Colleague: 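Sharing a structure here in structure tokens format.
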Protein chains: 2
Amino acid sequence: MNKAEILIIDDEAQIRKLLQINLESNDYRVITAASGHEGLSLAANHSPDLILLDLGLPDISGHKILQELRQWYQKSIIILSVMDNESDIVKALDNGATDYLTKPFRTGELLARIRAAIRRNLDPDQTTIKVYGDLEVDFGARMVKKNQETLKLTQTEYNLLVLFIKNEGKVLTHQFILKEIWGYSYQMETQYLRVFVGTLRKKIEDSPNLPKHIITESGIGYRFQ
Amino acid sequence: MNKAEILIIDDEAQIRKLLQINLESNDYRVITAASGHEGLSLAANHSPDLILLDLGLPDISGHKILQELRQWYQKSIIILSVMDNESDIVKALDNGATDYLTKPFRTGELLARIRAAIRRNLDPDQTTIKVYGDLEVDFGARMVKKNQETLKLTQTEYNLLVLFIKNEGKVLTHQFILKEIWGYSYQMETQYLRVFVGTLRKKIEDSPNLPKHIITESGIGYRFQ
DNA sequence: AAACATCTTTATAAAATCTTTATAAGGCGA
DNA sequence: TCGCCTTATAAAGATTTTATAAAGATGTTT
């Protein structure tokens with residue numbers, strides 16, 4: 001399991017320590033900075049998953065740091081501040097802060113807000129991409145590329161290709177394929193399959209008459225490699 | 001130009017009125033619901049850009065509503081509640097709330113948190129302006145230009161375009177698009193989509209009958225490139 | 001109220017895809 | 001080589017899906 005890394009930028013040693021202990025016991029990795037300059041430098045070197053930033057730092061104004069960070073840092077920045085005046089809050093949020101908490105804060109709430117912020121960082125792009133030589137299949141985007149070119153596959157062709165890929169290397173009988181793609185009652189329609197294997201080969205093979213990917217197993221079925 | 005739509009779910013008429021006036025004068029479109037059931041139904045029929053949800057509703061518990069919404073609604077939900085106990089806050093945030101504000105709240109802060117939440121509906125790495133050849137989309141200003149000319153897009157057309165851009169390259173199913181743009185209860189209305197893709201193509205494509213951007217994936221949906 | 005913009009619905013033509021048929025081509029044993 | 005069986009391909013016919021116009025409905029502005 002990969003632990004998320006959190007950068008704390010706060011000049012008060014006590015708060016840093018308190019936060020660090022709390023966060024580490026909740027399975028985060030923590031790095032700390034006691035000044036604005038140190039914070040900016042650590043952020044640049046670590047690119048942490050989340051930054052906790054105190055607005056009241058001695059060397060640079062917190063708002064300034066926020067602006068600097070947002071030039072390049074896209075992940076979550078939560079502001080922790082003793083300042084409870086509205087204009088600070090509005091300014092921070094409009095400058096790209098993810099959230100704003102006023103000290104003293106409740107630890108449970110802070111942790112929940114951190115979880116929410118980190119959850120949002122993850123792009124839900126769990127794109128599984130498979131590559132077979134010149135062929136590239138992106139299941140998340142439902143896209144097939146050949147030599148960088150996006151192919152246009154019909155639904156049936158795509159389903160067929162996915163079935164082949166799922167069973168890469170195995171010999172699939174005509175009946176099995178027909179049952180999977182068209183349904184139980186189509187098991188005798190071997191000719192369907194020939195037509196669609198034909199069109200699919202035309203699209204994904206370099207030379208459809210000498211196929212590299214979809215291999216004919218005469219009398220049995222097909223095999224994908 | 002194109003206004004974001006906000007759904008208020010709160011049983012207190014006074015608060016609804018106050019919020020509505022404030023939001024409308026800040027260039028949002030507002031719809032309101034006085035109960036949990038009404039709120040769920042409105043959300044499903046509008047798919048608003050943001051939902052303001054009061055936890056203390058008479059008919060359904062706010063936490064329950066939040067969970068129901070999160071089954072399909074992926075945009076921002078800000079909780080407004082008189083309950084200031086930590087466990088409610090933690091529970092709401094862990095159930096997918098975007099933010100949590102305790103009543104009474106400061107209007108300026110609420111507006112700033114709303115701006116931040118709506119900004120976040122877009123990709124986190126989204127620069128304010130995206131360019132696709134002759135097409136230029138300014139998310140901050142909610143404006144679209146083609147060959148320097150500002151296009152006049154309706155709400156729905158704009159929302160549709162933004163959804164396409166957010167999922168550039170991916171094949172989006174009809175159902176997914178309908179759910180995101182029109183709401184959960186519109187998933188069967190494929191013909192809507194055809195009409196709006198048609199009008200959108202007329203505006204953003206050079207030759208709408210040979211589209212370069214919005215590609216038809218017959219039997220499945222559309223893909224933006 | 002009239003004018004306008006937008007959304008929803010219906011109708012129909014066009015395009016894409018699927019199914020079926022026909023025929024050619026390939027492989028293998030006698 | 002021939003005949004038989006399996007496979008490949010083209011193409012016609014059937015069906016489904018999509019595009020587009022346009023009418024009706026709704027809501028907003030003047």
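Computed from a prediction, not measured in an experiment: that's the story for all the values here. Each chain gets a letter, A, B and so on, in the order its sequence line appears, and its residues count up from 1.
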Colleague: Mind calculating the distance between CZ (B:Phe196) and P (D:dA21) to the nearest angstrom?
Modeller: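 Answer to the nearest Å: 15 Å.
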Colleague: Starting at atom CD of B:Glu217, determine the distance to atom C1' of D:dA19, rounded to an integer number of angstrom.
Modeller: 16 Å
Colleague: With DNA chain C as reference, determine whether A:Glu189 or A:Lys152 sits nearer its 5' end, using the nearest nucleotide of each.
Modeller: A:Lys152
Colleague: D:dT6 phosphate, OP1 or OP2: any side-chain N/O from A:His174 under 4.0 angstrom?
Modeller: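 Looking at the OP1 and OP2 atoms of D:dT6, neither is under 4.0 Å from any side-chain N or O of A:His174.
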Colleague: Please check the phosphate of D:dT6 (OP1 and OP2 only) for any side-chain N or O of A:Thr216 closer than 4.0 Å.
Modeller: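 No, outside the criterion.
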Colleague: Would you classify B:Thr156 as touching base, sugar-phosphate or nothing, given that sugar-phosphate means primed atoms plus P, OP1 and OP2, and contacts are heavy atoms under 4.0 Å?
Modeller: sugar-phosphate
Colleague: Are B:Trp182 and C:dC7 close enough that a side-chain N or O sits under 4.0 Å from OP1 or OP2?
Modeller: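 Looking at the OP1 and OP2 atoms of C:dC7, neither is under 4.0 Å from any side-chain N or O of B:Trp182.
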Colleague: Between atom CZ in A:Arg194 and atom P in C:dT21, what is the gap in whole Å?
Modeller: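 It is 15 Å, rounded to the nearest whole Å.
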Colleague: Mind calculating the distance between CD1 (B:Ile214) and P (D:dT20) to the nearest angstrom?
Modeller: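 Rounded to the whole Å, the gap is 11 Å.
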Colleague: Using whole Å, report how far OH of B:Tyr192 lies from P of C:dT10.
Modeller: 10 Å
Colleague: Answer yes or no: are there more than 12 heavy-atom neighbours, outside B:Phe176 itself, under 6.0 Å from its atom CZ?
Modeller: yes
Colleague: Using salt bridge (Lys or Arg N to Asp or Glu O under 4.0 Å), reason through B:Asp11 and B:Arg16 one step at a time and then give a plain yes or no.
Modeller: CA-CA 8 Å; B:Asp11 60 320; B:Arg16 282 205 305 279; over 6 Å; no
Colleague: Looking at CG of B:Leu200 and OH of B:Tyr222, how far apart are the two atoms once the value is rounded to the nearest 0.5 Å?
Modeller: 10.5 Å
Colleague: Relative to the ring of A:Phe224, is the ring of A:Phe164 parallel (under 30°), tilted (30 to 60°) or perpendicular (over 60°)?
Modeller: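 Plane angle under 30°, so parallel.
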Colleague: Is the cationic atom of B:Arg142 (NZ for Lys, CZ for Arg) positioned less than 6.0 Å from the six-membered ring centroid of B:Tyr158 and within 45 degrees of its normal?
Modeller: no
Colleague: On DNA chain D, compare the nucleotides closest to B:Asn209 and A:Val195; which residue's is nearer the 5' end?
Modeller: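 Per heavy-atom nearest nucleotide, the more 5' residue is A:Val195.
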Colleague: How many whole angstroms separate atom CD of B:Gln155 from atom C1' of C:dT8?
Modeller: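 In whole Å, C:dT8 C1' and B:Gln155 CD are 17 Å from each other.
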Colleague: Rounded to the nearest Å, what distance is computed from the CD1 atom of residue A:Ile177 to the P atom of nucleotide D:dT7?
Modeller: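 Distance, rounded to whole Å: 11 Å.
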Colleague: Examine the base of C:dT21 for any acceptor or donor lying under 3.5 Å from a partner atom in the side chain of A:Gln191, and report the outcome as yes or no.
Modeller: yes
Colleague: Specify the separation, in whole Å, of atom CZ of B:Arg29 and atom C1' of C:dC7.
Modeller: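 Spelled out: CZ on B:Arg29 to C1' on C:dC7 is 12 Å.
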Colleague: Hey, which sits more toward the 5' end of DNA chain D by its nearest nucleotide, B:Gly219 or B:Lys202?
Modeller: B:Gly219
Colleague: Do the side-chain N or O atoms of A:Ser218 get closer than 4.0 angstrom to the phosphate oxygens (OP1, OP2) of C:dG26?
Modeller: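 It does not, given that no N or O in the side chain of A:Ser218 lies less than 4.0 Å from OP1 or OP2 of C:dG26.
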